[in-house]
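Here is the structure we will look at, set down as structure tokens.
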Amino acid sequence: MISISSLPTDKKDSLEKFAKSGYFMKGLVYFLIGILATMTAFGLGGDVNGKTGIFQFILEQPFGRILLSIVALGLFGYTAWRWTQAFIAPEKDNDDSAMDKINRIGYFISGFTYGTLASFAMKMAIQGVKNDAGGGRSTVIAQILDMPAGSIIVGILALVIIGKGGYEIWKGFSDKHMKKINTLARKTKEVVREAGKVGYISRGIVLLVIGYLTARAAIENNASKAGGTENAFEFMFSSTSAWLVGLVALGLALYGLFMVIRAKEFRIQA
């Protein structure tokens with residue numbers, strides 16, 4: 001394993017820049033999703049189309065192709081950081097525990113997910129038109145369901161997503177999200193703490209719904225039942241009151257803001 005102590009200073013600085021840009025762009029995407037979903041919930045316009053729908057929203061703004069290219073590059077940076085965590089583990093020297101291996105798998109999956117999103121965003125920016133990515137998750141689920149024991153694999157995926165959602169909620173309640181927020185003034189830090197808490201809990205709720213939709217796809221052997229953030233909000237809108245969905249959406253926007261602050265605060269530490 002390559003450790004932080006063996007990395008030259010210039011490479012460590014480059015990793016930090018990749019990670020910072022990635023956290024910032026991730027935060028921007030979640031902030032826009034949360035704001036548009038909040039507007040939809042309270043009848044103020046807006047349209048919830050998940051992460052790829054946000055890319056279309058950015059593309060339609062002045063200088064949209066340039067802005068979307070910048071977002072894509074930032075998400076590629078986040079992908080690079082996640083895969084660095086998966087294969088190099090720069091912040092955990094000589095850690096070969098079972099939990100470390102689980103974390104590495106999670107980092108790899110996260111990197112793959114955001115790398116796919118970054119590719120969609122860059123393709124849209126280059127072409128100047130919407131890339132048909134809305135059915136991407138269902139297409140992948142359909143391919144898995146066609147495999148031997150496909151339903152079991154999708155079921156396991158659903159459990160992983162549900163577990164991730166539960167972990168995000170726990171992280172919010174336990175204040176673990178503040179672990180690397182160190183340089184803020186005390187009063188500012190308290191505000192950020194509460195915003196992050198609401199943000200992580202809200203994101204956890206969205207992941208729980210996505211996990212439920214994925215589990216339903218496995219049980220019914222029907223890929224169209226699965227979905228991402230857009231489908232999660234559609235399910236919530238049809239299952240509960242709009243103002244509750246609005247609170248979750250607002251929390252997702254706060255999660256985005258917290259990621260932006262984390263980008264500012266981020267440092268690689270052994």
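The chain is numbered in sequence order, starting from 1. Values reported hereafter were calculated over all heavy atoms of this structure, with side chains retained and with hydrogens, waters and symmetry mates removed.
What you find for I153 and I144 is that their closest heavy atoms are CG2-CG2, 3.7 Å. Across G246 and A41, no two heavy atoms sit closer than the pair CA-CB, 3.5 Å. Residues W83 and F112 come closest through the heavy atom pair NE1-N, 3.5 Å. Residue F108 comes nearest to A86 through the heavy atom pair N-CB, 3.8 Å, listed as atom of the first residue, atom of the second, then distance. Scanning all heavy atoms of the two residues, the minimum distance from I210 to A232 falls at CG1-CB, 3.8 Å. Heavy-atom minimum distance, A253 versus F31: O-CD1, 3.5 Å.
Looking at S151 and L145, their side chains come closer than 4.5 Å, going by heavy atoms from C-beta outward. Between E230 and I33 the shortest side-chain heavy-atom distance does not fall below 4.5 Å. No side-chain heavy atom of N231 sits under 4.5 Å from any side-chain heavy atom of F235. At least one side-chain heavy atom of K189 sits under 4.5 Å from a side-chain heavy atom of M178. By the 4.5 Å heavy-atom criterion applied to side chains, L157 and I141 are counted as neighbours. Within the 4.5 Å cutoff, the side chain of I201 has no heavy atoms near those of the E168 side chain. M147 has its side chain out of reach of Q143: every pair of non-hydrogen atoms, C-beta onward, lies at least 4.5 Å apart. Between V71 and V29, some side-chain heavy-atom pair lies under the 4.5 Å cut-off.
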* Determine, stepwise, if the pair V260 / K264 fulfils side-chain contact (heavy atoms from CB on, under 4.5 Å). => CA-CA 7 Å; V260 170; K264 177 181 178 297; over 6 Å; no

* To do: Evaluate the side-chain contact (heavy atoms from CB on, under 4.5 Å) criterion for residues K171 and R203: first the C-alpha distance (whole Å), next the side-chain angles of each, then the deciding distance (0.1 Å), finally the verdict.
  => CA-CA 11 Å; K171 197 171 183 178; R203 185 177 184 238; over 6 Å; no

* Steps toward side-chain contact (heavy atoms from CB on, under 4.5 Å) verdict (S202, V206) -> CA-CA 6 Å; S202 297; V206 172; 5.8 Å; no

* Step by step, work out the side-chain contact (heavy atoms from CB on, under 4.5 Å) result for S21 and W81. => CA-CA 10 Å; S21 65; W81 169 243; over 6 Å; no

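For the atom pair S119 OG and M124 CE, the distance stands at 13.0 Å (nearest 0.5 Å). Here the straight-line distance linking atom CG of L67 with atom CG of L28 works out to 9.5 Å at 0.5 Å rounding. Atom CD1 of residue I70 and atom CE of residue M25 lie 6.0 Å apart, to the nearest 0.5 angstrom. Summarising the geometry, atom CZ belonging to F233 is positioned 10.0 Å from atom CG belonging to L36; distances are rounded to the nearest 0.5 Å. Note that CG of L208 and CG of L213 are 11.0 Å apart. Values are rounded to the nearest 0.5 Å. To the nearest 0.5 Å, atoms CG (L254) and OH (Y30) are separated by 14.0 Å.
Using a 4.0 Å cut-off between a side-chain N of Lys or Arg and a carboxylate O of Asp or Glu, E265 and R262 do not qualify as a salt bridge.
In this model, no donor atom of one side chain and acceptor atom of the other lie less than 3.5 Å apart for Y107 and R82. No donor-acceptor contact under 3.5 angstrom links the side chains of K225 and Y212, judged on distance only.
Within the structure, ring-ring contact (aromatic ring centres under 6.0 Å, His included) contacts touching residues 176-199 (residues at least two apart or in different chains) are H177-Y200, H177-F258. Residue pairs meeting the salt bridge (Lys or Arg N to Asp or Glu O under 4.0 Å) criterion with at least one partner in residues 57-68, sequence neighbours excluded, do not occur; the list is empty.
Under the 4.5 Å side-chain heavy-atom criterion for ILVMFWY residues, no single connected hydrophobic cluster contains both F76 and I109. Put simply, L244 and F237 are part of the same group of oily side chains (I, L, V, M, F, W, Y) that touch within less than 4.5 Å, one to the next. Put simply, L207 and V160 are part of two different groups of oily side chains (I, L, V, M, F, W, Y) that touch within less than 4.5 Å, one to the next. I161 and I156 fall into different hydrophobic clusters, defined by Ile, Leu, Val, Met, Phe, Trp and Tyr side-chain heavy atoms under 4.5 Å apart, directly or through other members. I261 is connected to L32 through a chain of hydrophobic side-chain contacts under 4.5 Å among Ile, Leu, Val, Met, Phe, Trp and Tyr, so both are in one cluster.
Aromatic pair W170/Y167: centroids less than 6.0 angstrom apart.
T79 places a side-chain N or O within donor-acceptor distance of the main-chain N or O of G115, the cut-off being under 3.5 Å.
Other residues, nucleotides and ligands place more than 12 heavy atoms under 6.0 Å from the CG atom of L159.
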